[in-house]
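Start at 1 and go down the list; that is how both ligands and their atoms are numbered. Only this structure's heavy atoms are used, side chains among them; waters, hydrogens and symmetry mates stay out.
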Amino acid sequence: MTALNLREIYRDLHAHPELSYAETRTAGIVARILTDLGYDVTTNVGRTGVVGVLSRGEGPRILLRADMDALPVKERTGLPYASTARGTDPDGADVPVMHACGHDVHAACLLGALEELARRSWSGTVVAVFQPAEELGTGALEMIDDNFFGRFGVPDVVLGQHVGPFPAGTLAVRGGPAFAATDALSVVFHGRGGHGSRPETTIDPVVMAAYAVTRLQAIVSREVAGTDTAVVTVGSIVAGTKDNIIPDTAELKINIRSYASDVRARILESVERVIRAEALASGALREPDVTLFGQFPVVVNTPEAAERTRAAFVEVLGEQRVFDPGLVTGSEDVGAFATASGAPLCYWLLGGADPEQYLAAEREGELATAIPSNHSPFFAPVEEPTLDTGVTALVTAALTWLG
Ligand SMILES: [Zn+2]
Ligand SMILES: [Zn+2]
């Protein structure tokens with residue numbers, strides 16, 4: 001067995017990102033390496049997912065999960081291994097593709113960890129999951145629906161990590177609710193189109209949409225308790241083609257983040273109320289269409305599992321390099337593997353920012369602007385110590401749970 005050149009693998013994955021459910025090149029690379037390492041490999045699990053299993057007799061069965069998909073973002077990092085790839089999005093459009101969420105880091109680190117685990121001694125079973133389509137929130141469920149637990153067994157714990165914009169070399173773990181639930185809504189307001197010079201003959205959906213956008217801002221500020229955390233973002237507003245035409249319809253796309261089911265229910269109700277009220281206020285002849293088109297459940301780390309894993313991290317990395325990130329408003333579908341199997345979950349964050357750059361930005365009070373976050377065209381985790389720490393974290397967590 002040859003030692004993996006992790007940096008080379010990472011650069012290759014970074015330079016060749018693939019959109020959700022199109023991760024075929026990535027899956028091929030993963031499958032080949034896993035086979036070389038001696039894992040039993042199954043491909044096309046949940047469309048493009050890959051599972052590698054290494055069994056060593058009696059003992060716990062642990063699930064280590066990485067995701068593989070990239071985003072429709074044009075990379076602007078200027079890195080020598082920056083992506084120039086393009087792909088086809090779900091609407092059939094040709095789009096630039098970038099590993100703007102760092103799933104290339106996750107896949108590379110898991111490969112590195114699996115290499116090391118193959119060398120170490122332990123008992124039990126390692127089930128390594130390379131998941132497709134995390135960005136759509138459907139990849140984990142797609143694998144589970146493909147008889148995942150029937151084929152690869154019910155795990156005793158689900159472990160994984162996500163890279164983020166804080167100092168490389170550090171890890172962040174939190175027990176309890178950790179990553180937010182997401183609800184994605186599409187709203188179509190129906191007006192009555194006409195000439196821009198004769199508003200009296202029309203019902204203007206642009207005005208409806210505009211009022212709704214501002215009114216929606218009052219939900220978090222006026223209806224959610226100061227002690228609860230939630231986000232309501234209108235990320236897309238589409239209406240009309242020309243200055244002198246009042247269109248028939250206007251569409252909003254709304255993204256909602258929450259941690260508690262009662263808060264989530266209240267926000268969804270409020271959004272619906274505001275949307276309907278604005279249509280009514282404008283004299284719309286037809287009710288707006290409200291469609292839920294995407295969802296992530298909240299990620300809840302099992303407190304005992306998080307504590308056991310955190311303690312192992314501290315033992316290996318030291319107290320200074322392991323912290324509690326607080327509630328993260330990002331969302332993840334990793335929790336589906338735990339919820340569907342009843343297994344405990346520990347999902348942690350891996351620092352990816354240049355530590356010196358991070359400290360300088362912190363000193364200047366410019367953390368929010370100077371350190372690019374996930375999904376930014378400038379998101380560029382430093383290779384080291386990010387990869388090394390990511391491998392160490394996965395190996396440490398795995399060995400803590402294996403016999
Ligand atoms: Zn993402
Ligand atoms: Zn991600």
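Looking at E307 and R310, a side-chain N of the basic residue comes within less than 4.0 Å of a carboxylate O on the acidic one, giving a salt bridge. Remark: R273 engages E223 in a salt bridge, criterion side-chain N to carboxylate O under 4.0 Å.
Among the backbone and side-chain atoms of C101, an N/O/S atom is found under 2.8 Å from the Zn ion (ligand 2). The Zn ion (ligand 1) lies at 2.8 Å or more from every N, O or S atom belonging to E134.
Ring geometry for H103 against H162 counts as perpendicular: the plane angle is over 60°, on a 0 to 90° scale with 30° as the lower cut.
With the Zn ion (ligand 1) at the apex, E135 OE1 and H375 NE2 define an angle of roughly 90° (rounded to 10 degrees). Geometry at the Zn ion (ligand 2): NE2/H103 and NE2/H162 form an angle of 120°, nearest 10 degrees.
Side-chain contact between D183 and F296 is absent, with no heavy atoms from C-beta onward closer than 4.5 Å.
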